[in-house]
Trainee: 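I'd like to ask some things about the structure below.
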Amino acid sequence: LLVLTANNIEKLDPAIYRGDRVDRVAYIPLVPLESCRPIAERMLHGYPLAISQVFQEFQKQGCTEIAPAKFYERCVTEGLKLAWRLQHGE
């Protein structure tokens, strides 16, 4: 089993995903930013400031919709920053 991901399939070399190499293509649409709140709350449980920072960053950029993977990545980054601050007393 091999899974390929891309943000923009048109930018990939067609040789990568031609019919005999890829069995299925699944489109995962952008989701409303606010619908990602349960993900942030689960990942950053007990740290409302970190949750706020995740959303503020995207809101500054004017995002109303987002790729789920990008949101997840931002939560992980914020969680790592939080862990660093807690471990080092900052």
Side-chain angles (χ1 to χ4, degrees):
L1 174 66
L2 176 64
V3 177
L4 306 170
T5 64
N7 289 335
N8 190 340
I9 198 167
E10 290 82 27
K11 291 184 179 181
L12 292 176
D13 184 333
I16 293 173
Y17 62 91
R18 69 178 182 231
D20 60 336
R21 293 188 178 171
V22 175
D23 294 328
R24 289 192 186 136
V25 174
Y27 173 71
I28 300 173
L30 298 178
V31 296
L33 180 61
E34 197 54 40
S35 71
C36 293
R37 186 167 293 280
I39 296 169
E41 289 172 349
R42 176 169 270 176
M43 292 180 71
L44 301 167
H45 179 72
Y47 298 98
L49 181 58
I51 294 169
S52 294
Q53 289 172 334
V54 168
F55 282 91
Q56 286 173 2
E57 184 67 31
F58 288 119
Q59 289 165 343
K60 280 185 207 174
Q61 299 170 14
C63 290
T64 57
E65 293 183 317
I66 191 164
K70 186 173 183 178
F71 185 81
Y72 177 82
E73 178 184 9
R74 183 70 185 124
C75 286
V76 168
T77 300
E78 203 58 45
L80 289 171
K81 287 181 192 177
L82 177 61
W84 176 267
R85 287 192 302 269
L86 291 172
Q87 186 173 6
H88 297 287
E90 295 179 23

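The structure displayed is predicted, hence computed values, not measured ones.
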Trainee: If the condition is side-chain contact (heavy atoms from CB on, under 4.5 Å), which residues does D23 pass it with, not counting sequence neighbours?
Mentor: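 With neighbours one apart ignored, the set is empty.
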Trainee: Using side-chain contact (heavy atoms from CB on, under 4.5 Å) as the criterion, list what pairs up with P68, not counting sequence neighbours.
Mentor: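 For P68, the residues satisfying side-chain contact (heavy atoms from CB on, under 4.5 Å) (neighbours in sequence not counted) are I28, V31.
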Trainee: Can you pull the side chain to side chain donor-acceptor pair (under 3.5 Å) pairs that have at least one residue in residues 33-43, sequence neighbours excluded?
Mentor: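 Qualifying pairs, neighbours excluded: E34-R37.
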Trainee: Could I get the full list of side chain to side chain donor-acceptor pair (under 3.5 Å) partners for E10, not counting sequence neighbours?
Mentor: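 E10: no side chain to side chain donor-acceptor pair (under 3.5 Å) contacts found.
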Trainee: Pairs of donor and acceptor atoms involving the side chains of residues 72-82, under 3.5 Å and at least two apart or interchain, shall be tabulated with distances.
Mentor:
residue: R74; atom: NH2; partner: E78; partner atom: OE1; Å: 3.1
residue: T77; atom: OG1; partner: E73; partner atom: O; Å: 3.0

Trainee: Applying the 4.5 Å side-chain criterion to the ILVMFWY set and letting contacts propagate, would V25 and I16 be lumped into a single cluster?
Mentor: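 Yes, same cluster.
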Trainee: Apply side-chain contact (heavy atoms from CB on, under 4.5 Å) to A69 and list each qualifying residue two or more places apart in sequence or on a separate chain.
Mentor: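 Not a single residue meets the side-chain contact (heavy atoms from CB on, under 4.5 Å) criterion with A69.
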Trainee: Sorted by first residue and then second, give each ring pair (Phe, Tyr, Trp, His ring centres under 6.0 Å) pair with at least one member in residues 27-54; sequence neighbours left out.
Mentor: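 Sorted result for residues 27-54: empty, none.
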Trainee: Quick test of your reading: applying salt bridge (charged side-chain N to carboxylate O under 4.0 Å, His left out), list the pairs with at least one residue in residues 45-55, sequence neighbours left out, ordered by first then second residue.
Mentor: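 Of all non-adjacent pairs touching residues 45-55, none passes salt bridge (charged side-chain N to carboxylate O under 4.0 Å, His left out).
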Trainee: Pairs of donor and acceptor atoms involving the side chains of residues 51-63, under 3.5 Å and at least two apart or interchain, shall be tabulated with distances.
Mentor:
residue: S52; atom: OG; partner: P48; partner atom: O; Å: 3.1

Trainee: Using every non-hydrogen atom in the two residues, find where I66 and C36 come nearest and quote the distance to one decimal.
Mentor: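 For I66 and C36, the tightest heavy-atom pair comes out as CG2-SG, 4.0 Å.
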